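If you're wondering where the values come from, they're calculated on a predicted model, not measured in any experiment.
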Amino acid sequence: MRTIGKRALGLAWVVPALVLVGVFVYFPLAENLGFSTLKWDIYSGSQEYVGLANYTKLVEDPVFWRSLGNNVLYAVVSIVFQVFGALVLAALIEGVRGERWQRVLRAIYFIPSAISLTVAGLLFYFIYEPDLGLLNHLLQAVGLGGLSHSWLGEESTAMSAIIAMSQWQGFGYSTLLFAVAIQRIPREIYQAAALDGTGPVRRFFHVTVPLVREMTGVMSMVTISGAFQVFNEVMVMTSGGPDNSTQVLGTWLYRSGFVRNDFGYAAAIATVIFVITLGIAVAQLWVARRRRVEW
């Protein structure tokens, strides 16, 4: 009886949380799936059931595929810089002698992450400005004026410029998390490796990388999922232009729903984003569980 009572008490604490999650997470997801089967004019309120027509329209929409490609590019670059690059930088910082210098370096690299994406987007919008922007002036000052561009006004450079800004903004946060993971590694392991004559590079690949793989998995999952939910920086800097060259799934969803007044199609895009991020999360959790580090 006492065991049953404990279980009932545990359920009493869990049920309210489950209800809240169901109401504010799973019910909206199910409702959005229903909306994706409609042709819906939100302003007039007219609705027409169209089945899978919105998903067929997705397959035939070149802007959707371009948006998806931009998200994939965003994810690949983010993995390179915010996971592998941040891990290398964290290892270098933790290898600096003197805890004071380590704290200073962590703070320096973390400062950009304290700036909101909207503010960072506006800041880089002015840096990229073709006539008065800092970047073109610096290129001209060092004799590389031929490399000057209208960075956000040309299809060939606009998406790269946005991605560069986002890496600058998020790099320090990833570095700090990896630094914490490295600090958890027992110092005795590094000392033993040094006594065996292992150099810094080999210690990094044979000690640090294997022992922070759990954090690497988590950061990979968060980074890739975040790359498919990009919105603020693109909206602030280009609004998807020029000529839809910087559209991502989030901005194309917004434009389809609130500008083109096609909320059924926007709901279909939202469903695709959910399926992609859910698949990535499940895969990463499976990999992380199999490669969990036991101390």
*Would T238 and V234 count as a side-chain contact (heavy atoms from CB on, under 4.5 Å) if you check the C-alpha gap in whole Å, the side-chain angles of each, and the deciding distance to 0.1 Å?*
CA-CA 6 Å; T238 63; V234 177; 3.8 Å; yes
_Hydrophobic cluster identity match, I185 and V201, side-chain contacts under 4.5 Å_ = yes
*asked:* Could you check whether S150 and E154, counting side-chain N and O atoms only, form a donor-acceptor pair closer than 3.5 Å?
replied: no
*So F231 and Y254, would you call those rings parallel, tilted or perpendicular, with 30° and 60° as cut-offs?*
perpendicular
*Does the side chain of S78 come under 3.5 Å of the side chain of Q167 through a donor N or O and an acceptor N or O?*
yes
*Any sub-3.5 Å donor-acceptor pair from N136's side-chain atoms to Y128's backbone N or O?*
no
_Checking side-chain polar atoms at under 3.5 Å, does W252 have a donor or acceptor matched by the opposite partner on N244?_
no
*Output field: ring centroids F228/Y74 closer than 6.0 Å*: no
*CG on L38 to CZ on F35, rounded to 0.5 Å*: 7.5 Å
*Counting heavy atoms not belonging to F24, are there more than 12 under 6.0 Å from its CZ?*
no
_Quick check: do L176 and F178 have side-chain heavy atoms less than 4.5 Å from each other?_
no
*Does K57 make a cation-pi contact with Y265, if we ask for NZ or CZ under 6.0 Å from the ring centre and within 45° of the axis?*
yes
_Residue pair S166 / I163: nearest heavy atoms and the distance that separates them_ = OG-O, 2.8 Å
*For D243 and S245, indicate whether the former's side chain and the latter's backbone hold a donor-acceptor pair under 3.5 Å.*
no
*Main-chain N/O of E94 paired with Q102 side-chain donor or acceptor, under 3.5 Å*: yes
*In this structure, are over 12 heavy atoms from other groups packed under 6.0 Å from Y109 atom OH?*
no
_Reported CZ-to-OG1 distance for the pair F84 and T223, which is rounded to 0.5 angstrom_ = 10.0 Å
_Regarding Y55 and T37, do their side chains bring together a donor and an acceptor under 3.5 Å, going by distance alone?_
no
*Identify the heavy atoms of D61 and W65 that sit nearest to each other, and give their distance.*
O-CD1, 3.2 Å
_P242 backbone acceptor or donor facing T246 side chain under 3.5 Å_ = no
*asked:* If you count every heavy atom of other residues, nucleotides or ligands that lies below 6.0 Å from F81 atom CZ, does the total exceed 12?
replied: no
*Flag side-chain contact, heavy atom, 4.5 Å: V77 against V80*: no
*hydrophobic_cluster_shared for F126 and M235, side chain cutoff 4.5 Å*: no
*Is a donor on one side and an acceptor on the other found under 3.5 Å between the side chain of D196 and the backbone of T198?*
no
*asked:* Just so I know, are the side chains of V275 and L278 near enough to count as touching, which here means a heavy-atom distance under 4.5 Å?
replied: no
_Nearest atoms (heavy-atom pairs only) where Q82 meets S174_ = O-CB, 3.0 Å
_Beyond-backbone contact of F258 with I42, side-chain heavy atoms, under 4.5 angstrom_ = no
*Would you check if the side chain of T251 reaches a backbone N or O of Q247 as a donor-acceptor pair within less than 3.5 Å?*
no
*asked:* Is there a side-chain contact between I269 and N54 in this structure, where contact means two heavy atoms from C-beta onward sitting under 4.5 Å apart?
replied: no
*Kindly assign one of parallel, tilted or perpendicular to the pair F110 and Y173, based on the angle between their ring planes and the thresholds 30° and 60°.*
tilted
*May I have the step-by-step check of side-chain contact (heavy atoms from CB on, under 4.5 Å) for L89 and F171, ending in yes or no?*
CA-CA 10 Å; L89 180 59; F171 191 67; 3.2 Å; yes
*For N32 and T271, test the side chains for any donor-to-acceptor distance below 3.5 angstrom and give the result as yes or no.*
yes
*Do I224 and V282 belong together in a cluster built from hydrophobic side chains that touch within less than 4.5 Å?*
no
_Backbone N/O of A266 and side chain of S256: donor-acceptor pair under 3.5 Å_ = no
*Flag the pair R203 / T208 as yes when at least one side-chain heavy-atom distance between them is below 4.5 Å, and no otherwise.*
no
*asked:* Looking at every heavy atom in both A179 and A90, which two are closest together, and how far apart are they?
replied: N-CB, 3.7 Å
*Any chance you could lay out the salt bridge (charged side-chain N to carboxylate O under 4.0 Å, His left out) test for E155 and R66, step after step, and finish with the verdict?*
CA-CA 12 Å; E155 292 185 35; R66 190 167 195 175; 3.3 Å; yes
*Say whether R187 and Q191, considering side chains only, have a donor N or O and an acceptor N or O under 3.5 Å apart.*
no
_Count I, L, V, M, F, W, Y as connected when their side-chain heavy atoms are under 4.5 Å apart, and connections chain through other members. Are F205 and L92 then in the same cluster?_
yes
*Looking only at heavy atoms, which two atoms of A161 and L152 are closest? And how far apart?*
CB-CD2, 3.9 Å
_Using the rule that Ile, Leu, Val, Met, Phe, Trp and Tyr join whenever any side-chain heavy atoms are under 4.5 Å apart, tell me whether V119 and I162 fall into a single cluster._
yes
*Starting at CG of L52, measure out to CG of L58 and round the result to the nearest 0.5 Å.*
11.0 Å
*asked:* If we ignore hydrogens and angles and just use 3.5 Å, is the side chain of D41 paired with the main-chain N or O of Q47 as donor and acceptor?
replied: no
*Any chance the side chains of S116 and T118 put a donor and an acceptor closer than 3.5 Å?*
no
*Taking E129 for the side chain and D131 for the main chain, is one N or O donor matched with an acceptor at less than 3.5 Å?*
yes
*W151 vs L135 side-chain heavy atoms within contact, under 4.5 Å*: yes
*Evaluate the side-chain contact (heavy atoms from CB on, under 4.5 Å) criterion for residues Y125 and V236: first the C-alpha distance (whole Å), next the side-chain angles of each, then the deciding distance (0.1 Å), finally the verdict.*
CA-CA 8 Å; Y125 179 85; V236 168; 5.7 Å; no
*Within 6.0 angstrom of F204 CZ, more than 12 heavy atoms from elsewhere*: yes
*Can we call the ring centroids of W168 and F124 under 6.0 Å apart?*
yes
*asked:* Within the 4.5 Å heavy-atom criterion, are S220 and I79 side-chain neighbours or not?
replied: yes
*CG on L68 to CD1 on I276, rounded to 0.5 Å*: 5.0 Å
*asked:* Just verifying a value: how many Å separate T216 OG1 and L177 CG, rounded to the nearest 0.5 Å?
replied: 11.0 Å
*Kindly compute the distance separating CD1 (I127) from CG (L134), expressed to the nearest 0.5 Å.*
6.0 Å
*Starting from the C-alpha separation in whole Å, work towards a yes-or-no answer on side-chain contact (heavy atoms from CB on, under 4.5 Å) for V142 and L138.*
CA-CA 6 Å; V142 298; L138 286 176; 5.9 Å; no
*For E60 and P62, which heavy atoms make the closest approach, and how far apart are they?*
O-CD, 3.3 Å
*Output yes when a side-chain donor or acceptor of R255 lies under 3.5 Å from a complementary backbone atom of R260, and no otherwise.*
no
